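Just so we're clear, the structure is a prediction, and the values are computed from it rather than from any experiment.
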Amino acid sequence: MTPRIYTEEEIAKIRASALLVGDTLAEVAKMIAPGVKTIELDRMAEAFIRSKGGVPACKGYEGFPFTLCVSVNHMVVHGFPSEDELREGDIVSVDCVIEKDGYHGDSAYTFAVGHIEEPVRQLLEATKASLYKGIEQARAGNRTGDIGNAVQTYVEERGYGVVRELCGHGVGAHMHEKPDVLNYGKRGSGCLLKKGMVIAIEPMITLGKRSIGIAKDGWGVFTLDGKAAAHFEHSVAITADGCDILSSFANVENVLKNK
């Protein structure tokens, strides 16, 4: 399938959905604390999204039963919210997709629960930085391999692992579209990026080895060595001279700064 090219009007609608994801993650940020059950984050998020006229796109997608993917510590992505409580020193990736007016926005942020160990803090910092390294390569005329190579080079130079079985993707009219956007690869390889394409770039990076397993629920992805993993994601539109980041961490980080 050829990647879809979106009009400016369509990209504006994708942006609206993506910004609502950012607002939702900011509401999550307000709640993140030791003792909070992750299912409480999910319930709040669904109510918030619906109150803003959005639809939680993950809920029911291929049978996924929740609004949020909530992945704690060594869970990389697609974790189920549950009655388990967050604990001091945990990290928790929260991934959210919202559909509004027929278009999807997708973003993720990994939160620290209270004080976390320094190596884990550095993992979060490097993973988020690698997202922006990938975004720097998201421009017309480049290829998806340029994005993946930038992410991989940045984190592997620092001793981290890159999960290879999962990747970013096109996003817009559907949650997952072409092209696949790997977090590793060779420069000049992969799908040619063109103005009007919209992609979700989402590094999934491990503190230890990159090997993963799948949870018994068939969804959760975890590190086999039990070491922490981090995940950050933005939806971006390809422009003639770079890209336009449609999602935002600004509200999330404003909440975190003022907690």
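- Between Val28 and Met44, the closest heavy-atom pair is N-CE, 3.6 Å.
- Annotation: Glu8, atom CD; neighbour count of heavy atoms from other residues, nucleotides and ligands within 6.0 Å does not exceed 12.
- The two residues Glu233 and Asp95 make their nearest non-hydrogen contact at OE1-OD1, 3.1 Å.
- The backbone N or O of Lys52 lies less than 3.5 Å from a partner atom in the side chain of Lys100, making a donor-acceptor pair.
- Using a 4.5 Å heavy-atom cutoff, the side chains of Pro81 and Leu41 are not in contact.
- Applying the salt bridge (Lys or Arg N to Asp or Glu O under 4.0 Å) rule to pairs touching residues 13-36 yields Arg15-Asp244, Glu27-Lys30, sequence neighbours excluded.
- Side chain of Asn73 to main chain of Ile91: a donor-acceptor pair is present (N/O by atom type, distance under 3.5 Å, no hydrogens or angles).
- Within a 6.0 Å sphere centred on CZ of Arg50, other residues, nucleotides and ligands contribute more than 12 heavy atoms.
- Distance check, rounded to the nearest 0.5 Å: CD1 of Ile201 to CD of Glu136 gives 10.5 Å.
- One finds the CG atom of Asn142 at 6.5 Å from the CG atom of Leu193 (value rounded to the nearest 0.5 Å).
- Within the structure, the side chain to side chain donor-acceptor pair (under 3.5 Å) test picks out the following pairs touching residues 189-209 (sequence neighbours left out): His169-Glu202, Glu202-His231.
- The existence of a salt bridge linking Lys59 and Glu46 is confirmed by a sub-4.0 Å separation between a basic side-chain nitrogen and an acidic carboxylate oxygen.
- Considering all non-hydrogen atoms of both residues, Ile245 and Ser247 come closest at CG2-O, 3.3 Å.
- Grouping the Ile, Leu, Val, Met, Phe, Trp and Tyr side chains by contacts below 4.5 angstrom, directly or via other members, places Val70 with Val252.
- Following chains of ILVMFWY side-chain contacts shorter than 4.5 Å, one can reach Leu25 starting from Val36, so the two form part of one hydrophobic cluster.
- Looking at residues two or more places apart in sequence or on another chain, you find no salt bridge (charged side-chain N to carboxylate O under 4.0 Å, His left out) involving Glu9.
- The main-chain N or O of Val181 is never found under 3.5 Å from a side-chain atom of Thr144 such that the two would form a donor-acceptor pair.
- One distance of note links OG1 of Thr38 with CE of Met75; it measures 10.0 Å at 0.5 Å rounding.
- Residues Cys191 and Met197 have side chains in contact (heavy-atom distance under 4.5 Å, counting atoms from C-beta outward).
- Of the inter-residue distances, the one linking Phe80 atom CZ with Ser71 atom OG reads 10.5 Å to the nearest 0.5 angstrom.
- Ile98 places none of its side-chain heavy atoms less than 4.5 Å from the side chain of Val55.
- With contacts defined as side-chain heavy-atom distances shorter than 4.5 Å, the pair Val221/Met204 does not qualify.
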>> Could you walk me through whether Cys69 and Phe64 satisfy the side chain to side chain contact (heavy atoms under 4.5 Å, CB included) test, starting with their C-alpha distance in whole Å, then the side-chain angles of each, then the deciding distance to 0.1 Å, before giving a yes or no?
In response: CA-CA 9 Å; Cys69 298; Phe64 189 83; 3.7 Å; yes
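- Note: the hydrophobic cluster containing Val72 also contains Met31 (ILVMFWY, side chain heavy atoms under 4.5 Å, direct or indirect links).
- If you chain together hydrophobic residues whose side chains sit under 4.5 Å apart, Val77 and Val162 never meet in one group.
- Remark: side-chain polar atoms of Ser235 are paired, donor with acceptor, to backbone N or O of Asp106 under 3.5 angstrom.
- Ring geometry, Phe111 versus Tyr109: the interplanar angle falls from 30° to 60°, so the pair is classed tilted.
- For Ala229 against Val76, the heavy-atom pair with the smallest separation is CB-CG2, 3.8 Å.
- Every residue meeting the ring pair (Phe, Tyr, Trp, His ring centres under 6.0 Å) condition with His234, not counting sequence neighbours, appears here in chain and number order: Tyr132, Phe249.
- Annotation: the span from Glu125 atom CD to Thr110 atom OG1 amounts to 13.5 Å, rounded to 0.5 Å.
- Side chain of His104 to main chain of Gly172: a donor-acceptor pair is present (N/O by atom type, distance under 3.5 Å, no hydrogens or angles).
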>> side chain to side chain contact (heavy atoms under 4.5 Å, CB included) for Cys96 and Ile49? Distances and angles first, verdict last.
In response: CA-CA 10 Å; Cys96 180; Ile49 291 165; 3.9 Å; yes
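- Using a 4.5 Å cut-off between side-chain heavy atoms of Ile, Leu, Val, Met, Phe, Trp and Tyr, Ile14 falls into a hydrophobic cluster with Tyr6, Ile11, Tyr103, Val171, Val198, Leu246.
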>> Using side chain to side chain contact (heavy atoms under 4.5 Å, CB included), reason through Cys167 and Asp180 one step at a time and then give a plain yes or no.
In response: CA-CA 6 Å; Cys167 62; Asp180 290 343; 3.8 Å; yes
>> Using side chain to side chain contact (heavy atoms under 4.5 Å, CB included), reason through Val97 and Glu99 one step at a time and then give a plain yes or no.
In response: CA-CA 7 Å; Val97 187; Glu99 182 268 314; over 6 Å; no
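- Note on Glu253 versus Lys257: no salt bridge recorded, every NZ/NE/NH1/NH2 to OD/OE distance being 4.0 Å or above.
- Here the side chain of Glu88 pairs a donor or acceptor atom with the backbone of His115 at under 3.5 angstrom.
- Identified under the salt bridge (Lys or Arg N to Asp or Glu O under 4.0 Å) test for residues 146-160, with sequence neighbours left out: Glu156-Arg164.
- Here the shortest heavy-atom pairing between Gly185 and Asn149 reads O-ND2, 3.0 Å.
- Residues Arg143 and Gly190 approach most closely at NH1-O, 2.8 Å, considering heavy atoms.
- Within the 4.5 Å cutoff, the side chain of Phe232 has no heavy atoms near those of the Ile205 side chain.
- Atom CZ of Arg187 sits in a sparse spot, with 12 or fewer heavy atoms from other residues, nucleotides or ligands closer than 6.0 Å.
- Linking Ile, Leu, Val, Met, Phe, Trp and Tyr residues whenever their side-chain heavy atoms come within less than 4.5 Å places Tyr160 and Val151 in a single cluster.
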